[in-house]
Structure formats: C-alpha cells, structure tokens
There are 2 protein chains.
Amino acid sequence: MTKQPDHKYEIVKQYFINFIQKNDLKKGDKVFSENEAMERLKVSRHTVRKAIGDLINEGWLISVKGMGTFVNDPGAFINKPSKLIGVITTYITDYIFPEIIAGLEDVFHRKGYNIMLGNTSNEIEKERQCLLNFLGQDLAGVVIDATKSAYPSANIDLLNEFRKRKIPVLFIHSYYREFDSSYVVENDEYGGYTGTLHLIKRGMKKPAGIFKSDDMQGHLRYKGFLKALSENSMSIEDDNIIWFNTYDKKNMLNKTNSGFIDGRIIDILGRCDGILCYNDEIAYYVLEIAKKTGIKIPENCRLVGFDDSKLAIMADVKLTSVSHPKNELGRITAESIIKMINKSETFVKMVIKPELIVREST
Amino acid sequence: MTKQPDHKYEIVKQYFINFIQKNDLKKGDKVFSENEAMERLKVSRHTVRKAIGDLINEGWLISVKGMGTFVNDPGAFINKPSKLIGVITTYITDYIFPEIIAGLEDVFHRKGYNIMLGNTSNEIEKERQCLLNFLGQDLAGVVIDATKSAYPSANIDLLNEFRKRKIPVLFIHSYYREFDSSYVVENDEYGGYTGTLHLIKRGMKKPAGIFKSDDMQGHLRYKGFLKALSENSMSIEDDNIIWFNTYDKKNMLNKTNSGFIDGRIIDILGRCDGILCYNDEIAYYVLEIAKKTGIKIPENCRLVGFDDSKLAIMADVKLTSVSHPKNELGRITAESIIKMINKSETFVKMVIKPELIVREST
DNA sequence: AATTATTTGTGCGTATGTATC
DNA sequence: AGATACATACGCACAAATAAT
C-alpha cells in the first residue's frame, strides 16, 4: 500500500528509483537523460529537474554537466549506522587502563569500529562533559569506567538520554547502583575474599586493610575481606582499616600532604601482620614505607594487592596480587558492546572471576 | 577579495545571508518574501527560488507554505569544521605513551576537540589501515607516532592525501625522512650525546650501546653516542653495539626466543664498563641479566636509559635516564596541531631538548 | 463564517549558456 | 564542428496554506 504521490515530480523520483533498483544499477552507472525522462513520463523539463534535484540532495544521484546523470549511492536511504564507539576512562595513564584500551582497540579495529576517547581523571564534572560531548556525536555505543561509583551519580540524567536514544552503554570495572545498566566487572567481592583467605592461610592473626572509599570496587573488596574474616571467626578493629579517596591518592603519589595517611600506614604496619591493599599501587606504597621504617615484608607483615600490574613484578619484593587478565577484559568488553549494538544481546551483565597470583609479598 | 559569483542565484543567496547577518536574525525570524526578493534584486521568481532552495539544503532557511521563509540555522554557513583529531600511536600500552595521551587529551578536551584513537603495534600494515580509516572520517587533524621511521614508508601516498585535503598532520617522536612534515620530537642525537658524555665522565673506558634499528630515534641516539665518543678520542668496536628491532623486542619482553640477544648482552656486560641503552625497558632488561650473571651495576658496568619511565624509578638499581617531560610533550603536541588547524602556524618543527636524570645506575 | 491578499509550491514553455564526447 | 546533456534564467498560470479583514 504505497501511497500514490500527489505530485508529478514525486512520480518522476519514484520512477528513477525504480529504474535504479530494477536494473540493479551501481554507483557510477548512468541513468537516462532529462530529455528522455520528459518523453517517458510526459512531463516538462522543469519537473524532471525538480525530481533529479531532490534525488541529488538525497544522495541518490550525481549529475555532471555535459555527460549525464549518474547513480551516486544506491543505498543512501539506508542511513548507514555509526561505527564510532565512545570510551570514557578515569585515568588513561593508570597502570592497568592502557592494557585494557589496547584490548578494546584491537577488537574494535578488527570489526571496523573506531574509538573516541574521553578521560575524567575521576572527576564527576569531567565525566559530565565527556557524556555531553558524546551525546552530540552520533555514537554506536559507549563504554564507561564510572567515576566515583560508590556515590550516587550526578550524571544519571545523561545516561538516561543515551538509553532514550537507544545507544548502548556498557560499564566497565564498576557501575552506578541507581542506574540499571550493562556491565563487565571483576568479581571484587570474591577478590577481596580470596585475597584475605590467602593471608589467613599464611598465618595472618592481626588483619588490616586499605580501601578506596569512593568507588564501588573498594567497597566490594572490603565486603569480601570482612566475609573471609568472619568465616574464620576473626574480627577487625576499625583502627586497622584505612579508607582513602581519589584526593588522598593524588597526594600520596605526588608525595604532597600525605603525612596523615603515611602515619596511619606506619601504625598498621607496626600493629598488624597482614594487609589487604586496594590495589598494587597502594601495596607498592606500603612496601616503600615498610622499607623506610625497617619492617620486613613478608616476614613481619604480608601484603596482597590487586590488578597484577607491572608494579607487582617490578617491586623489590614482588607482590601477591588478585587480578583479571587485562587485555582480555578489554576484548570481552569490546565484543560485548558490539553484540549490544547488533542487538544480538540487549543486556550484558558479566562478572569475571579474578585469580590470585602468589608472589614474594606473602 | 571575495570572488564575484558568476550566477545570479549566487548573488541572491549572498544577499539573503548578508540580510540575516546584518540584521542579526535568529532561528525562527522571518526573511522577506520571494516577491520582494524579485523586486529588490530585479531577478525572476525562478532565480529567487533556486537561491532559497539552495539555502534550505544548506541549512540556512526553512520555508512554510502560506507563511513565508524563516531562518533555520544562522551559523550554517560556517559549515562547522570538524572537532575530531585522529591520534595514531604505536603502542598504547607502552610505558610512556599513556602519559603523552593524557597530556594530549587534557588540552584537546579543554579546547573542545575529541580524540579518535588508532594503534599500529608498530606494524606498517596496521598504520596503513588506520590512515585509510582516518581518511574517511572528516578529521580536523592527525597526530602520528610513526611506525618504523628508520625505513622508507609505504604509506607516503596516504600522507600526501591528507596534505591534498589540507588536513594538518603532526608527527610525534619521529618522522619519515622522505615526507617533509610537521613534527614535535625529542632531540635524540643530543640525548645520546649527553648520556654518553655522562658515562665518559663517570669513567667509562670500554663503551657499549644497544639501539633499535627500525626507528629514527635509535639511529639518532646512536649518532649522538658516536659523536660523544669521537670528541673524547674514544673508539667503539662493532661487537660492542647491539642492534635490535621491533620483532626482537617483542620476543625479549615475552621471554621467548630471546637467547641470541641475551647472549650478546651477557657478552658486552662482561667486556664493557658502560652501556647506553635505547630506552629504560632495555636498560631494565640489561639490569635483570646483570643480576642473574652476578655483574654489579653500577660498580662493574654503568647504564643509561631513555624516557625516564616508571621503570627507571622502580628498578632495584634506579636508572639514570635521558628524558623529556612526557605529559608536557603531549600538551605541546596538542597545542601545536591546534595552531596548525587554526592556520596560525602552518609548519611546526619542534625539537625538545631532553635532560639527563642521574640515578643509581651510574 | 466567508472573503481576500499574501506567500510558498507545482508545473509548463522557452531561450541561452557551457561542458563533454 | 556538431550533437548531446546538464545549468541558468525569464515568464506565466494555478494550487494550497495562512493570516488578516
């Protein structure tokens, strides 16, 4: 029930399109001339030109003075979908993200997608700017490493806008509790649990932990830590848990104003015999402080980190670390969002079980 | 010297555009009618309609039957330029590139540009694919870390295509000799020179060097190395120079099939008392071999690396390293290509002088 | 509620210009 | 040089939507 067009030029346009499709004309093939169109359809030259002009604007045809009119893109009407995927990272420089991006890039490249990169430095405002930017870009999908995922997000409105536009969004590492979304994450609770069990097995009596307070990973690793302790009838004193956040971490790594945290680390190094550290960066930092204060790792105190980064291998005392395969995580993420884009899967909720890699620090 | 258009409808179009701009009309404001245009410009209705039709297609105007013609997007004429910059890296994961990208990203983000990322793994074919891909993307500019810059490039044709399209291309780290282009590079010759002078000052009598054969940096660092030696009336035996390439490096880092290079490193460690290493990764690798074979650094042999990467600080024996500020390099690069895009500078040839950072390995 | 003037949309006829083959 | 094909340009007539009277 194709509606009969009221206007002659609509009939002419349709005639051209039918002509292209029936004869299976490809880009560059010539169509009949304006004069011939006049005769075939018994319309004026003006009407033919109006029709052809429309089809040129719509991308169907191209005309060349003195030569004729040619098929441009017979599939122009398909409105080909975007092949661009936005990736929002927290820290590009961060010790594990480059590897994940390398995995992402490799898969996306192979499948003909491009990456558009944004970086938040774990700041909510920068995340907002990236999202706003991406909303103006006709993306096929978005991969996000959530900023400060432990807290309610100020950017849910923008995430909902992506949903409204049916642009798939896939979280990596963590996600916002209040926004039901697709994600590929590590099983951080299990990671904390297994790391702590390992410390207990190695004889830890006085446990301590250092966790990041503003992302979900920190909370979940802490949860696993508590679970392992309680299953083994151990308790933990509040004083032996150090919570730090993005701001503290920046100061620590820049060695500015880190006195408070340093003091607390010295405290627990003196009091405890096992520390579950939020990640390898922290474990490495603890190692340095231990060296300065003469505490021996692992003899006096054992350390477990997370992420199995290069730091873990390069440290004086090679670090035991809980980790996922990073490049692989990037690949899985890329493949997942491509499935979402192709609608072969609408929701992806993937939790990757990490493994404990035992080294000298325990 | 705006070219006077040959056709009447061009004049009419320009008249409409001037009218909108002079009266500062906003979206939705009405412009004069077709009849009035006929009278004002003394042209036929047909010509006026052709002009208005063009402007509608270009996004300037919208007309409503029975009401009139209205301004749609008063800025459409700008044909707003792309705000997307392609960045081609060799190794995203590489120990210094993430920091450079972070610097790039920060500046680009601030100036409203987006990064599209490509990765070559230092393979010419992948570089070609990235360039081809970028040619189909309407980019404002391209930043490239050249692949195997010591060799003639197979991709000059594509680089010339960018030039033809007047898309600025800026090389970083190195560039192709046969393609006269803009670049931001480190002064690698000076770096090799100053690193070698430092080794000589520390008493090096039997020099050795390890260089990468397939990028320009390796050749230039070698050149600086030779210069420093000859200025101090020292000579170098061919056997004490190790050349490696991308393929060897991959094997070395994966600890597969690296026997040949390992043997040569053991050789020079036994024979020589100072090694200028292509970069910190190599210096770190040499350090590990030295540890295994019982050679003491710096007592028996001194090492100088390049890049001042995290590796330099984390090694057992902290590495002396020749380096530029990496984040800063990213910033300079970003600012340079933005200047090129804005045409405030057409060619950028910037050579950044590296500094020697002295640590335990010398 | 109907009329009228205005404005854009469709359509035809004609003439001339200009690029390509 | 001539034929063909698209490009520009003018004039005219009528249709359809809108706004004001």
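Every chain is numbered from 1 and lettered A, B, ... according to where its sequence line falls, protein lines coming before strand lines.
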Between P on C:dG11 and CG on A:Leu41, what's the gap in Å once rounded to a whole number? 12 Å
Rounded to whole angstroms, how far apart are CD1 on B:Ile11 and C1' on D:dT8? 12 Å
Rounded distance (Å) that lies between atom P of C:dG11 and atom CZ of B:Arg49: 11 Å
Mind checking what makes salt bridge (Lys or Arg N to Asp or Glu O under 4.0 Å) contact with A:Lys339, not counting sequence neighbours? A:Glu345
Is the NZ or CZ atom of B:Arg40 both under 6.0 Å from the centre of the six-membered ring of B:Phe32 and within 45° of that ring's axis? yes
Just the atom pairs and distances: protein N or O near nucleotides 12-21 of chain C's N or O, under 3.5 Å.
from	atom 1	to	atom 2	distance (Å)
C:dC12	OP1	A:Lys8	NZ	2.6
C:dC12	OP2	A:Ser44	N	3.1
C:dC12	OP2	A:Ser44	OG	2.8
C:dC12	OP2	A:Thr47	OG1	2.3

note: B:Glu36, atom CD; C:dT8, atom C1'; distance rounded to Å ~ 15 Å
Which residues satisfy the side-chain contact (heavy atoms from CB on, under 4.5 Å) test with B:Ser63, sequence neighbours excluded? B:Ile56, B:Thr69
Distance test, side-chain N/O of A:Thr69 to OP1/OP2 of D:dC6, below 4.0 Å: yes
Can you list everything that forms a side chain to side chain donor-acceptor pair (under 3.5 Å) with B:Arg45? Sequence neighbours excluded, please. B:Glu34
Whole Å only: how far is the CD1 atom of B:Ile62 from the C1' atom of C:dT7? 16 Å
Quick one: side chain to side chain donor-acceptor pair (under 3.5 Å) partners of B:Lys148, sequence neighbours excluded? none
Could I get the full list of side chain to side chain donor-acceptor pair (under 3.5 Å) partners for A:Ser336, not counting sequence neighbours? none
Nearest-Å distance for atom pair CD/C1', residues B:Glu34 and D:dA15: 14 Å
Measure CG/A:Asp54 against P/C:dG9 and give the value in whole Å, please. 12 Å
For the pair made of NE2 in B:His7 and C1' in D:dC6, what is the distance, rounded to whole Å? 12 Å
Just to confirm, is there a sub-4.0 Å distance from OP1 or OP2 of C:dG9 to any side-chain nitrogen or oxygen of B:Ser63? yes
